[in-house]
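Have a look at this one.
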Amino acid sequence: MSEFTADEMMTVAAARSLRDGAACFVGIGLPSTAANLARRTHAPNLVLIYESGTLGAKPDRLPLSIGDGVLADTADSVVSVPEIFNYWLQPGRIDIGFLGGAQVDRFGNINTTVIGDYANPEVRLPGAGGAPEIAASCREVLIVMRMSTRNFVDRLDFVTSVGYGGGRGDRERLGLRGRGPVKVITDLGVLEPDPQSCELTLTQLSPGVTVEQAQEAVGWPLKVVPEPTVQPEPTETELTVLHELMETR
Amino acid sequence: MSEFTADEMMTVAAARSLRDGAACFVGIGLPSTAANLARRTHAPNLVLIYESGTLGAKPDRLPLSIGDGVLADTADSVVSVPEIFNYWLQPGRIDIGFLGGAQVDRFGNINTTVIGDYANPEVRLPGAGGAPEIAASCREVLIVMRMSTRNFVDRLDFVTSVGYGGGRGDRERLGLRGRGPVKVITDLGVLEPDPQSCELTLTQLSPGVTVEQAQEAVGWPLKVVPEPTVQPEPTETELTVLHELMETR
Amino acid sequence: MVGVARILQLDEAIAELVHDGDVVALEGFTHLIPVAAGHEIIRQRKKDLTLVRMTPDIVYDQLIGAGCARKLIFSWGGNPGVGSLHRFRDAIENSWPVPLEIEEHSHAGMANRYAAGAAGLPFAVLRGYAGTDLPQHTSTIRMIECPFTGEELAAVPAINPDVGIIHAQQADRAGNVQMWGITGVQKETVLASTRSLVTVEEIVDELTPRPHSVVLPNWVVTAVAEVPGGARPSYAQGYYERDNAYYQQWDPIGRDREQFEKWLEAEVHGTARSAR
Amino acid sequence: MVGVARILQLDEAIAELVHDGDVVALEGFTHLIPVAAGHEIIRQRKKDLTLVRMTPDIVYDQLIGAGCARKLIFSWGGNPGVGSLHRFRDAIENSWPVPLEIEEHSHAGMANRYAAGAAGLPFAVLRGYAGTDLPQHTSTIRMIECPFTGEELAAVPAINPDVGIIHAQQADRAGNVQMWGITGVQKETVLASTRSLVTVEEIVDELTPRPHSVVLPNWVVTAVAEVPGGARPSYAQGYYERDNAYYQQWDPIGRDREQFEKWLEAEVHGTARSAR
């Protein structure tokens, strides 16, 4: 059994969530690493789409930004930024979108805009970017974030991207056409929306993590399925490919 | 002095109306012949734009359709049809648009849709094509049509494209941003809008044509400027280049 | 996901994708007109179609004359450089062989309707139609007010055909498509349609990126059929030229019902030429 | 007509085209960021600018830190892969060196605002913002009803900058521009702007058509300036790679007012490097 870090477990878990052949809207950082890992392991036909306008990029190294030249060089097509949002993301053609953020709440809503008051912020974050429409339009969303009471909060300071809003039925009411976040992948485990209430519920633990540890890392009383499973550890192959990938940066 | 036909005079007159460096939205037939003649004579930097999406085409022969391959082969850029209308025509970037039609009225409004009743037409014409928005958005419009009481009518059966509507001020009221038709070039002479009323007024005659002949060819009492000029005949060069051009078809 | 494009024979593809009563767009702007696919629709005697195209030309004249269509949505219908579409006129003026309803727009309006369809929006906004008689006769033209400036603009609804059909130069064996030269509104047609068919000049091992090319990845295309010459008498840049004489020759055939029916028997029903 | 593009020196072009108080967009999506042009704006001590950009990164941090801007219209502000823009945060959180008003959108909203600007429309429609807190804080997001389906959608006003500035790989001697690789929203930026400046890696005798390239004809460009390396530390495909280390190195400089002011003196005001 190899050694692996919590972040590696998180990346591998995210990669495993990507089924072969899916069209995936990829952000830079962990999502891009996970998508490229998936493409090199179980999902060789994963279609990588970056908001910079590259459709079907097949990078031979880990891109360093969403606009890395290797993406344009290896893409099936390069389109403009208005086109990528209007013709490709908005109609709901993309199977899976990745999101991260500074704060997430129990319904998978995300804040990437501001901590504190909008007019007098404690911390000004980067802002929305592509997230609101990725959250709205991708058929499914995966959220990837490290778990801590600072990030998993009872109440967002700002709703940048909508998960399930105030709960079941809100996406439909808002006219959001994708399913919403189907998984929140963290260093400590995986949360999934409760089929009835849409409240994020702990369904899987990372190896060696307890339910209590996960609950302590969340700023609301975290619900847990009756028998949370333990995620399979990263395989030798997954770790090897991941390490190779990280070296290409 | 060379022999020339009334149609050749009309083509040469249209070509002369195109100033060098202008961006010109070109339809097939006489407008395309005129634009290509101009580019080979006094206006080498004329920018030819075809609604098929070719920007800055420099055809070495007369294109046979607005989508002729020679246009794409020689263009500065080829864009999609939505783009040519939205990014290039609509904002008013194009200096000159050409229009023809089955019927024109005294305010330069044009019918290319139907003769007779819309629901039970006598003659069903091709329809609008690019004309309504060319008429609305080009900085200036040139209309080219043979003069006859069948074509120059008191009342259109259908308004496909707006010239000056019901007269002065109507373009502004309708929010049309181009100046409207600045010339109607015919086989018998040239009409221009009266600066006050915008009513089309005979300002130039083709060589050998009388004011009476022109007036008889128009289905309304045609106004005439006090001293209509006679258009200079096609020069030897214009005719030679025009004949060469026609042979390339 | 529509799934990944399957490579089919043309007749299989039309049989599977086009159903009686469908809204069908066969697009092509002078270049790359999917004529063979249109003939296969006639051959399979599809009917009650709502045909959509910016520039219906002779293949639409043929579809209409063969009685496949109950409605035409268009912006310019003619035989370019030649004259009228006589089957189209006979249908409108005399309801022969069946009545033809029309819905007509300008090119700008149609292009925006496809663009809205491709973008997953219910409508598009444009500066168009103001002062013309089109809005009186076309219920799919309405006015909309800019919520910022109060300005009045035209609105047109999205077009989302049941089936979009185009012709391209190449596909690879995985069903990715590449076309180049004048590509009109074909990308939008495929993206706006529920199902799509791309006929291609040839299937190649690898698509080489080209200037001014449009690539449609296989996950937005339903089916690809290899149909060399499938755009004739229009042209396929890099493959063959436009058969300008044919457009002239069509005029007397289209002008006369009997001649047209002979043509239909001989050139479409009597041959499977364009089926492979 | 804006007239045909003139080929100018960068300092002349900025002096002529950018005025205090202007709305200025320097666009570039990771690739081809017009950094040298931004530095020249700082060098010429332009002020009260409304800066527009989807992805303000370090050159916008520098412009803001230098006090050139009174307002920023944007959708994602950060040092990609590194972290915050500290000059931007200092301006928003502490009004240093001058207060900075912000107007923030999503990428989809900004892209559509530029597209509407390029299309000569007063606004654009998109599926966006629903359920988010953005409309509460951004008055340029409103709702609009589809006149056909009654559906509610978001509307955003066009962006039409006084000056749009981009960097491209090449121009020819007549001022026609070609860029390739990831070209973001740069075509729209130029087409939406009243005046435009394109800095280029090189001026060539002839532009060779390339796959995925965008060509801007000289009659929609106001000025072209040859500025080799003008996109550094971002990259210019076919010319040089992104200087990823520089983005890291910027973090401690941007974090500290004194360090930043030293940088400003030494690297911008103390040099005319990027002026030629």
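Quick caveat: nothing in here was measured; it's all calculated off a predicted structure. First the proteins, then the strands, lettered A, B, ... as listed; each starts at 1.
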Practice item. State, yes or no, whether a side-chain contact exists between C:Glu104 and B:Tyr118 at a heavy-atom distance under 4.5 Å. Key: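 Side-chain contact under 4.5 Å: yes.
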Review point. Tell me, side chain or backbone of C:Met110 under 4.5 Å from chain B's heavy atoms, or both, or neither?
Key: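 No part of it gets close to chain B.
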Check your understanding: What part of B:Ser80 gets closer than 4.5 Å to chain C, counting heavy atoms only: side chain, backbone, both or neither?
Key -> both
Exercise for review: Search all heavy atoms of C:Ser106 against all heavy atoms of B:Pro132 and return the closest pair with its distance.
Suggested key: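 Taking C:Ser106 first and B:Pro132 second, the nearest heavy atoms are CB-CG, 3.8 Å.
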Exercise for review: Examine whether an atom of C:Tyr247 lies under 4.5 Å from a heavy atom of chain B, and if so say whether it belongs to the side chain, the backbone or both; otherwise answer neither.
Suggested key: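 No part of it gets close to chain B.
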Exercise for review: Identify which part of C:Ile102 has an atom lying under 4.5 Å from any heavy atom of chain B, answering side chain, backbone, both or neither.
Suggested key: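 It is the side chain, since no backbone atom gets that close.
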Practice item. Check each atom of B:Leu174 against the heavy atoms of chain C and say whether the ones under 4.5 Å are side chain, backbone, both or neither. Key: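 Both parts, backbone and side chain.
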Check your understanding: Is a side-chain donor or acceptor of B:Gln90 paired with a backbone partner of C:Leu126 at a separation under 3.5 angstrom?
Key ->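 Not confirmed, B:Gln90 side chain does not pair with C:Leu126 backbone.
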Check your understanding: What are the two closest heavy atoms between C:Gly181 and B:Val78, and how far apart are they?
Key -> O-CG1, 3.5 Å
Practice item. Can you establish whether the number of heavy atoms outside C:Glu151 located under 6.0 Å from its atom CD is more than 12? Key: yes
Review point. Which bit of B:Thr112 comes within less than 4.5 Å of chain C, counting heavy atoms only: side chain, backbone, both or neither?
Key: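 For B:Thr112, neither part sits under 4.5 Å from chain C.
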Practice item. Could you grab the distance from atom OG1 of B:Thr113 to atom CG of C:Leu134, nearest 0.5 Å is fine? Key: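 Between atom OG1 of B:Thr113 and atom CG of C:Leu134 there are 5.5 Å.
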Point to revise | Nearest-0.5 Å distance, CD of residue C:Glu241 to CG of residue B:Leu64 | key: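 Spacing of CD (C:Glu241) from CG (B:Leu64) equals 9.5 Å.
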Review point. Relative to chain C, which segment of B:Glu83 carries a heavy atom at a distance below 4.5 Å: side chain, backbone, both, or neither?
Key: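 The answer is neither part of B:Glu83.
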Check your understanding: Using non-hydrogen atoms only, which part of B:Val79 is less than 4.5 Å away from chain C: side chain, backbone, both, or neither?
Key -> neither
Revision key, fill the gap. Turns out that what part of B:Arg177 lies under 4.5 Å from chain C's heavy atoms comes down to side chain
Exercise for review: Test B:Ser65 against every option in C:Asp57, C:Thr30, C:Asn244 by the side-chain contact (heavy atoms from CB on, under 4.5 Å) rule and name the one that passes.
Suggested key: C:Thr30
Exercise for review: Using a 4.5 Å cut-off on heavy atoms from C-beta on, say whether the side chain of C:His137 contacts that of B:Phe158.
Suggested key: yes
**Study point:** 4.5 Å side-chain heavy-atom contact, C:Arg89 and B:Val123
**Key:** yes
Practice item. Step through the shown structure and confirm whether more than 12 heavy atoms of other residues, nucleotides or ligands are within 6.0 Å of CZ on B:Arg61. Key: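 Yes, because the 6.0 Å sphere around CZ of B:Arg61 holds more than 12 heavy atoms from other groups.
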Exercise for review: Look up atom OH in C:Tyr129 and atom OG1 in B:Thr160, then write down how far apart they are to the nearest 0.5 Å.
Suggested key: 12.0 Å
Review point. Side-chain contact, heavy-atom cut-off 4.5 Å: C:His107 with B:Glu133?
Key: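 They are not in contact (no side-chain heavy atoms under 4.5 Å apart), so the answer is no.
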Check your understanding: Relative to chain C, which segment of B:Asn86 carries a heavy atom at a distance below 4.5 Å: side chain, backbone, both, or neither?
Key ->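 Side chain of B:Asn86 only, per the 4.5 Å heavy-atom cut-off to chain C.
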Practice item. Evaluate whether atom NZ of B:Lys58 has more than 12 neighbouring non-hydrogen atoms of other residues, nucleotides or ligands under 6.0 angstrom away. Key: yes
Exercise for review: Give a yes or no on this: more than 12 heavy atoms of other residues, nucleotides or ligands lie within 6.0 Å of atom CZ of B:Arg146.
Suggested key: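 No, not enclosed.
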Check your understanding: Can you find a pair of side-chain heavy atoms, one from B:Val162 and one from C:Thr132, that are under 4.5 Å apart?
Key -> yes
Check your understanding: Which of the residues C:Trp180, C:Tyr114, C:Phe29, C:Phe88 is involved in the greatest number of heavy-atom pairs with chain B at under 4.5 angstrom?
Key ->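 Option with the top pair count is C:Phe29.
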Exercise for review: Please name the pair of heavy atoms, one in B:Val159 and one in C:Gly131, separated by the smallest distance, quoted to 0.1 Å.
Suggested key: CG1-O, 3.7 Å
Check your understanding: Where is the tightest heavy-atom contact between C:Tyr235 and B:Gly69, given as atom of each residue plus distance?
Key -> OH-N, 2.9 Å
**Study point:** C:Ala108 to B:Phe85 - nearest heavy-atom pair and separation
**Key:** CB-CD2, 3.9 Å
Point to revise | Choice from C:Arg127, C:Arg242, C:Glu188 maximising heavy atom contacts with chain B below 4.5 Å | key: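 Most heavy-atom pairs within the cutoff with chain B belong to C:Arg127.
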**Study point:** B:Asp73, part contacting chain C, at a heavy-atom distance under 4.5 Å
**Key:**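 Both backbone and side chain.
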Review point. Who wins among C:Gly77, C:Gly109, C:Gly78 for the most heavy-atom pairs under 4.5 Å with chain B?
Key: C:Gly77
Study note, to complete from the structure: If one checks every heavy atom of C:Phe74 against chain B at 4.5 Å, the contacting part turns out to be side chain
Check your understanding: What residue in C:Leu85, C:Asn79, C:Ile182, C:Ile92 has the most heavy-atom pairs under 4.5 Å with chain B?
Key ->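 Maximum pair count with chain B is reached by C:Ile182.
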